[in-house]
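All residue numbers refer to positions in the sequence shown, counting from 1.
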Amino acid sequence: MYNLIMDNLQIKKYKLKKVTSDIKTYKLDYEKELNSAQLEAVLYNKGPLLIIAGAGSGKTKTLTYKVARLVEDGINPDNILLLTFSRRAAKEMISRAEALLCSGLKKITGGTFHSFANLILRKYSNFADLKNNFTVIDRADAEDIINHIRGKLIKKSEKRFPHKNTILDIYSKTVNKDINIERIIQNEFPQFEHCTDKIIQISQNYNEYKKQHSMLDYDDLLLYLKVLLLSNEKIRNQIGNKYKYILIDEYQDTNNIQAQIIKLIAQKHNNITAVGDDSQSIYSFRGANFKNIIDFPNLYNNCKIVTLEQNYRSSQNILNLANKVLEKAKEKYSKNLFSKIINQEKPVIICCKDTKSEGEFVVQRILEYCNEEAVSLDDIAVLARSASLMYDVETELVKQKIPYRKIGGLKFTETAHVKDITAYIRVIVNPADEISLNRILHLQKGIGSATINKIIPLITVSGNFSPEILPVNPNKLKETETLFKLLNETRMLISEPKNAIEKIITYYEPIMENKYDDYTKRIKDLEHILYLSSKYSDLKDFLSDIAIEPPDLSVTDVEEGTRNDECLTLSTIHGAKGTEYKIVFIIGAVDGRFPSIYSFNSEDELEEELRLFYVAITRAKSNLYISYPTDMFDRITGMVLSKPTRFVEKINDDILERWILTEN
C-alpha cells in the first residue's frame with residue numbers, strides 16, 4: 001500500500017549517508033597517564049624530536065608510551081628502531097609497550113648500538129669485506145692480541161712504553177672520538193709522545209691481525225657499520241627505508257661515530273627521537289661526546305625540543321639542591337626540576353676531622369636508620385668519586401658486621417672458567433681464532449708452548465682438527481687427539497648451541513676440577529652458560545651476544561655477605577647512574593678529590609665533574625648526606641685538602657644544612 005501511494009505522488013528522494021567519525025580511538029588513555037610535557041613528546045611523531053629528560057622525570061615511561069603510540073597510529077613495528085645503552089633497557093621498554101597494548105611487538109628492532117651494528121654487519125657481511133662467521137672479541141681478548149704484538153715490537157729493556165690496556169685505550173679513543181692517534185696522545189697521554197710512531201705501528205698491526213683472523217672488537221662494530229653506510233648508498237637506503245622511526249635513549253652518552261651512524265640512517269626521513277639529559281653526561285672517558293646532545297637541534301632542522309621537569313623520585317628538598325648545583329653549569333639546557341614529594345629533612349653536608357671519623361659517621365647513621373626507623377639496607381647507598389675513597393667506610397662496615405656489595409668487580413665473561421668455555425666455542429665457530437686456540441691448548445696436559453706454536457698455524461691455515469696435522473706422534477698427545485674429536489663433533493652442532501656447550505662442559509669439568517680449588521662454585525656458572533645458550537639456535541649469535549653485552553656478576557664473584565636478604569650498596573658515582581635509593585651518602589666531597597684536582601685547568605672536565613655531582617645528588621629519594629674530611633693529603637701536589645667541594649659554595653643553609661662531628 002505504501003509503495004502505491006508513493007508511486008502516485010511526486011516526491012523527491014533524499015539519500016541518507018552513513019555518518020563516520022574522523023576521530024581515531026586509542027586503547028590507551030594517553031592524556032590520563034602522562035603529564036603535559038610527556039604527552040607533548042609522545043604525540044609528536046613527524047620529524048626530529050629532542051626530549052630533555054631531567055633526572056627521575058619518567059623518561060622510560062615516556063619512551064614506552066611513544067612506542068605504543070606509534071604502533072597505535074598504524075606504524076609497522078618492523079619499521080621502528082629502538083636504541084639504548086643496554087639490551088635489558090630495550091627489552092623492558094618493548095615488554096611494557098606490549099603489556100599496555102596487549103599485543104606482541106617482537107618485530108621492533110631493539111638493543112644497543114653494538115648489537116644493532118652486529119645485526120647489520122652479519123646481514124651485509126659480503127658488502128663490508130667481512131666473513132659471516134667473524135668473532136666479536138671482548139676487551140680482555142683485545143688486550144691479549146695487543147700484548148702479543150707489543151711483545152714482538154718492543155724490547156723488554158725499553159722504558160716508559162705504555163702497557164697493553166693503555167694502548168687499547170688510545171686506539172679506542174681514536175675510533176670513538178674520530179681523532180687521529182697523534183692528537184689523542186698529545187691531548188690525553190703526553191707522557192708517551194716519545195713513542196707515538198711505535199704505538200701507531202702496534203695499532204696498524206692490531207687491525208691487520210683482526211682482519212686476518214676474522215675478528216672484530218667493540219669499536220670495530222661501529223666503525224665497520226659507519227663505513228658500510230658511507231660507502232654503499234643502496235644498503236644505506238635499504239636500512240633507512242626499513243627503520244622509518246628511530247628512538248634513542250641516553251643520547252647524552254653517544255660518541256661521535258654513533259651520532260654519525262644515526263644521521264646516515266635517518267637522513268631521508270629524519271623521524272628521530274633522541275632522549276637524554278645533558279646534565280647527566282659523565283662518560284667522556286669512554287668517548288661520549290657532550291656536544292652531541294647540545295648540537296642536536298643544529299644537526300636536525302626544525303627540531304622540536306620538549307623538556308621533562310617533573311621528578312617522580314626525589315623530594316623537593318633534594319631537588320632544590322640539585323637545581324642550585326645545576327645553576328653553576330655554563331653550557332646546558334635550562335631546566336628546573338620539581339616534585340610533589342614532600343620531606344621536611346634537608347640535604348646535609350658534614351665536616352669530618354678525617355676519613356676515619358667520616359667512615360664512623362656514615363656507619364653510625366646507617367645503623368640508626370636500620371635500628372630506629374626500620375629502613376632496609378637495600379634502600380641505602382654510599383657513593384664516592386672513586387673506589388679508593390671507600391676504605392675507611394668498608395673497614396667500619398666490616399667491624400659492625402653490616403653486609404654490603406660493591407658495584408664493579410669482574411663481569412661474568414671475564415672470569416677465567418667462563419673465558420675457557422667461550423674459547424672452545426670461538427674455536428668451533430672460527431678456527432682462525434689464534435687467541436682462543438692458544439688458550440684451550442694450554443689447558444691440555446703434556447703439551448708445551450713450543451708444540452702449541454707449531455700446531456696453531458696448521459689449524460688456522462687448514463681449518464682442520466685432525467690428529468694427522470699434529471707435528472709429533474699423536475700417541476704422545478692423546479689428550480689433544482681427544483680435544484680434536486670434541487671440536488669436530490661440536491662443529492656439527494653450531495645450530496644446536498645447548499647440545500654443543502653441554503659436550504664442551506662435560507669435557508671441561510675434569511680440567512676445571514684440577515685447575516681451581518673452588519670448582520664446585522664455578523660449576524654454577526657453567527650451568528648458567530648452558531641455560532643462556534638454550535635461548536639460541538646459532539652458536540655465532542650466542543657468542544656475539546655475550547661478548548657485546550655480558551651477563552651480570554659471576555656466581556663466584558658474589559661475596560658471602562651479599563647473600564643476605566638485605567645488603568648495603570657501595571658504588572662509584574659512575575657505577576650508580578640509573579639507580580635510586582631512599583638514603584644516599586656521598587663521601588670524600590673535598591675540593592681536589594671532588595672535583596678532581598686534575599680537572600682544575602680544563603673547563604670541560606670541571607663541567608663534567610659538576611654533572612657527576614648532580615648525578616650523585618639525584619640518586620637520593622628522601623635523605624642525602626654529603627661528607628668531607630679536613631685532612632686529606634694529596635701525595636702528588638703535597639697539599640692537604642680540607643675544603644668542601646666548590647660545587648656547594650654559596651648555597652644557603654635553607655637548602656643545605658651544615659653539620660660538624662663532635663665526640664662525647
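- When only modelled atom types and interatomic distance are considered, Tyr312 and Asn35 share a side-chain donor-acceptor pair under 3.5 Å.
- To the nearest 0.5 Å, the span separating OG1 on Thr109 from CD1 on Ile94 amounts to 8.0 Å.
- Going from atom CG of Leu228 over to atom CD1 of Ile261 covers 10.0 Å, rounded to the nearest 0.5 Å.
- Partners of Thr572 by side chain to side chain contact (heavy atoms under 4.5 Å, CB included), not counting sequence neighbours, listed by chain and number: Ala387, His574.
- In this structure, the separation between CD1 on Ile108 and NZ on Lys91 is 14.0 Å, given to the nearest 0.5 Å.
- Salt-bridge annotation for Arg88 and Glu92: absent, with no side-chain N of the basic residue lying under 4.0 Å from a carboxylate O of the acidic one.
- Side chains of Asn176 and Asp219: a donor on one and an acceptor on the other come within 3.5 Å.
- Among residues two or more places apart in sequence or in another chain, the ring-ring contact (aromatic ring centres under 6.0 Å, His included) test is passed with Phe542 by Tyr536.
- Residues Thr112 and Ser115 bring a donor and an acceptor atom of their side chains to less than 3.5 Å of each other.
- Defined by atom type and a distance below 3.5 Å, a donor-acceptor pair is present between the side-chain atoms of Gln316 and Asn320.
- Classified by interplanar angle (parallel below 30°, tilted 30° to 60°, perpendicular above 60°), the ring pair Phe296/Tyr300 is tilted.
- Neither side chain, Gln38 nor Tyr30, offers a donor N or O lying under 3.5 Å from an acceptor on the other.
- Under 3.5 Å, the side chains of Asn323 and Asn336 contain a donor-acceptor pair of N or O atoms.
- In this structure a side-chain-to-backbone donor-acceptor pair under 3.5 Å is present from Asn255 to Gln258.
- Between the side chain of Ser544 and the backbone N or O of Asp541, no donor-acceptor pair lies under 3.5 Å.
- Contacts classified as salt bridge (charged side-chain N to carboxylate O under 4.0 Å, His left out) and involving residues 28-43 (residues at least two apart or in different chains) are given here: Glu40-Lys304.
- Taking 4.5 Å as the limit, every side-chain heavy atom of Ser57 sits out of range of all side-chain heavy atoms of Leu337.
- Not counting sequence neighbours, the partners of Leu299 by the side chain to side chain contact (heavy atoms under 4.5 Å, CB included) test are Lys263.
- Atoms CD1 and OG1, on Ile626 and Thr645 in that order, are 8.5 Å from each other to the nearest 0.5 Å.
- In this structure, a donor-acceptor pair under 3.5 Å is present between the side chains of Asn292 and Thr254.
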Practice item. Please test Arg365 against Tyr625 for side chain to side chain donor-acceptor pair (under 3.5 Å), starting from the C-alpha separation and ending with a verdict. Key: CA-CA 10 Å; Arg365 197 76 189 96; Tyr625 298 90; 3.1 Å; yes
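- Checked for salt-bridge contact, Glu607 and Lys332 miss the test: no charged N lies under 4.0 Å from a carboxylate O.
- Looking only at atom types and distance, the side chain of Tyr245 has no donor-acceptor partner in the side chain of Lys66 under 3.5 Å away.
- With sequence neighbours left out, the side chain to side chain contact (heavy atoms under 4.5 Å, CB included) criterion links Lys59 to Ala53, Asp249, Glu250, Val275.
- Formation of a donor-acceptor pair under 3.5 Å by the Ser599 side chain with backbone atoms of Pro595 is not found in this model.
- Taking a 6.0 Å sphere around NZ of Lys61, one finds it holds more than 12 heavy atoms contributed by other residues, nucleotides or ligands.
- Counting only residues at least two apart or on different chains, the salt bridge (charged side-chain N to carboxylate O under 4.0 Å, His left out) pairs with a member in residues 69-80 are Arg69-Asp73, Asp78-Lys242.
- For the residue pair Glu608 / Tyr283, no side-chain donor-acceptor distance below 3.5 Å is found, with atom types taken as modelled.
- Side chains of Ser279 and Lys335: a donor-acceptor N/O pair is present below 3.5 angstrom, by distance only.
- Atom CD1 of Ile248 and atom OH of Tyr251 lie 5.5 Å apart (nearest 0.5 Å).
- Between Arg313 and Glu580, at least one side-chain nitrogen of the basic residue sits less than 4.0 Å from a carboxylate oxygen of the acidic one, meeting the salt-bridge criterion.
- Distance check: Lys291 NZ to Ser284 OG gives 12.5 Å after rounding to the nearest 0.5 Å.
- Side-chain atoms of Asn289 never come within 3.5 Å of backbone atoms of Asn256 as a donor-acceptor pair (strictly under, hydrogens ignored).
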Check your understanding: Would Tyr333 and Asp277 satisfy side chain to side chain donor-acceptor pair (under 3.5 Å), going step by step from the backbone distance to the final call?
Key -> CA-CA 9 Å; Tyr333 287 99; Asp277 184 1; over 6 Å; no
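- For the salt bridge (Lys or Arg N to Asp or Glu O under 4.0 Å) with Asp253, the lone residue among Arg611, Lys577, Arg286 that qualifies is Lys577.
- Using a 30° and 60° split on the angle between ring planes, Phe116 and Tyr243 fall in the perpendicular class, above 60°.
- A donor atom on one side chain and an acceptor atom on the other are not found under 3.5 Å apart for Asn317 and Asn343.
- For the pair Val615 and Thr618, the tightest heavy-atom approach, listed with the atom from each and the gap, is O-OG1, 3.2 Å.
- Looking only at distances, a side-chain donor or acceptor of Ser339 sits under 3.5 Å from a matching main-chain atom of Ile341.
- A side-chain donor-acceptor contact under 3.5 Å links Ser602 to the backbone of Glu605.
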Point to revise | side chain to side chain donor-acceptor pair (under 3.5 Å) evaluation trace for Asp278 with Gln252 | key: CA-CA 6 Å; Asp278 55 301; Gln252 78 280 352; over 6 Å; no
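- Between the side chain of Asn271 and the backbone N or O of Lys46 there is no donor-acceptor pair closer than 3.5 Å.
- The environment of NZ in Lys324 is sparse: at most 12 heavy-atom neighbours from other residues, nucleotides or ligands sit within 6.0 Å.
- Asn76 places no side-chain N or O within donor-acceptor distance of the main-chain N or O of Asn79, the cut-off being under 3.5 Å.
- The cationic atom of Arg122 (NZ for Lys, CZ for Arg) lies less than 6.0 Å from the six-membered ring centre of Phe134 and within 45° of the ring axis.
- A salt bridge links Lys330 and Glu603; the closest N-O separation between the charged side-chain nitrogens and carboxylate oxygens is under 4.0 Å.
- Across all non-hydrogen atoms, the minimal contact from Glu394 to Leu570 is CG-CD1, 3.5 Å.
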